[in-house]
Amino acid sequence: MLVTNTEQIPGREITEHLGVVSGSTVRAKHLGKDILAGLKNIVGGELTTYTELLADARKEATDRMVAQAQVLGADAVVNLRYSTSSLAQGAAELFAYGTAVKLDSP
Amino acid sequence: MNQLLIAATLFLLGWWVGRSRERRHLAQLDHREQELASVTVSTCRCPPSSWPVDAPRLVAGNVAISWDYFKAIVSLFHFVLGGRITSLESLVQRARREAVVRLQQEARAAGYDGVIGLRLETSRVTNSSGDKGLGGVEVLAYGTAVRRAGPRQGAG
C-alpha cells in the first residue's frame with residue numbers, strides 16, 4: 001500500500017476518495033528504562049529508549065491505519081498526518097490519520 | 001545544607017557535561033548535514049515540474065532529547081522572570097535538525113533523491129515519576145520521499 005503525506009501521488013491519478021482512515025496506540029515506558037532516562041536528565045543527551053518507543057508506536061498506529069484502508073479496498077493512503085499527545089505522566093498517544101483513495105491502474 | 005550541596009553539584013555537572021555534549025552534537029550535525037545535502041528537503045507538496053518522479057514513499061525521522069539539570073534550573077528562573085530562554089531554544093533546534101538528518105538518512109538508504117511535503121512535530125516527553133522540570137522534547141520529521149526518474153525511454 002502506498003502511503004504519502006501529500007495530497008497527490010506524483011505520477012499517479014486519484015480516481016476515488018474512500019474516506020478518512022486512522023490508527024492509534026497509547027504507550028507507556030518500562031520503569032527500568034525510565035530510571036535511565038532520569039540519569040540522562042542530569043547530563044542531557046538523547047533519550048534513545050524514548051526515541052525507539054515512539055518510533056515503534058508510530059509504526060503500529062500507521063499499520064492499523066493501513067489495515068483499515070485495506071478493508072475499504074484502497075490502493076493508497078494520501079495526506080497522512082501524525083499527532084502526538086501526552087495523556088498522562090509517562091504515557092503518550094500516537095495517532096495517524098489520512099485519506100484512503102483508489103488510483104488509476106499504472 | 002546537604003540537599004543544597006547535591007543540587008549545586010548536579011547543576012555544575014549539568015552545565016559542564018551538558019555543554020560539552022551539546023557542542024559535540026552540534027559539530028556532528030554540521031558534518032552530517034553537509035554529507036546529506038544532496039538529499040533535498042522541501043515543505044512543498046509537489047515535486048518541481050522538472051522532476052519526473054516515481055514510487056513515492058513515506059519516510060520519517062524522530063529523536064527524543066533530554067534537557068540537562070543546568071537547562072532545567074535556568075528555565076525555572078525564566079518562568080518567573082520571563083524572557084528568552086536560550087538554553088531551551090538550542091535544545092529544540094538540535095532535536096529538529098537531528099530529526100531532519102535522520103529523515104534524509106532514511107530517504108538516502110532507500111535510494112531516494114529528495115523529500116517533499118516535510119512536516120515537523122514537536123512534543124514533550126514526560127517522566128512517569130512526575131518530577132517537575134524533568135523530561136525532554138521529541139521531534140518527528142516526516143515527508144514523502146521521491147526519486148528522480150531520469151529521462152524515460154520510449155515515452156514522449
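In what follows, every chain begins at residue 1, and chains take the letters A, B, ... in the order their sequences are listed.
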Sort [X] into side chain, backbone, both or neither according to what part of it lies under 4.5 angstrom from a heavy atom of chain B.
| X | answer |
| --- | --- |
| A/Ser83 | both |
| A/Leu2 | side chain |
| A/Thr4 | both |

>> Do the side chains of B/Glu106 and B/Arg102 get close enough for a salt bridge, i.e. N-O under 4.0 angstrom?
In response: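 Looking at B/Arg102 together with B/Glu106, the answer is no, because their closest N to O distance does not fall below 4.0 Å.
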
> Does a salt bridge link A/Arg58 with A/Asp63, judged by any charged N lying under 4.0 Å from a carboxylate O?
Replying inline: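 Not counted as a salt bridge, because no side-chain N and carboxylate O are separated by less than 4.0 Å.
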
>> Quick one about A/Ser24 and A/Tyr97 (side-chain donor to acceptor, distance below 3.5 Å, no hydrogens or angles considered), yes or no?
In response: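 Distance-only check fails for A/Tyr97 and A/Ser24.
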
> Do A/Thr51 and A/Glu46 get their side chains close enough for a donor-acceptor pair, meaning under 3.5 Å?
Replying inline: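 Per modelled atom types, A/Thr51 and A/Glu46 side chains form a pair under 3.5 Å.
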
>> Run A/Thr15 and A/Asp104 through side-chain hydrogen bond (donor to acceptor under 3.5 Å, both in side chains) and show every step you take.
In response: CA-CA 6 Å; A/Thr15 54; A/Asp104 62 340; over 6 Å; no

>> Counting only non-hydrogen atoms closer than 4.5 Å, does B/Arg57 touch chain A with its backbone (N, CA, C, O), its side chain (CB onward), both, or neither?
In response: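 For B/Arg57, backbone heavy atoms alone lie under 4.5 Å from chain A.
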
> Pick from B/Gly18, B/Gly143, B/Ala145: which one has the most heavy-atom pairs with chain A under 4.5 Å?
Replying inline: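 It is B/Gly143.
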
> When heavy-atom pairs shorter than 4.5 Å are enumerated against chain A, which of B/Asn62, B/Leu13, B/Leu118, B/Leu10 gives the highest number?
Replying inline: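 Heavy-atom pair counts peak at B/Asn62.
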
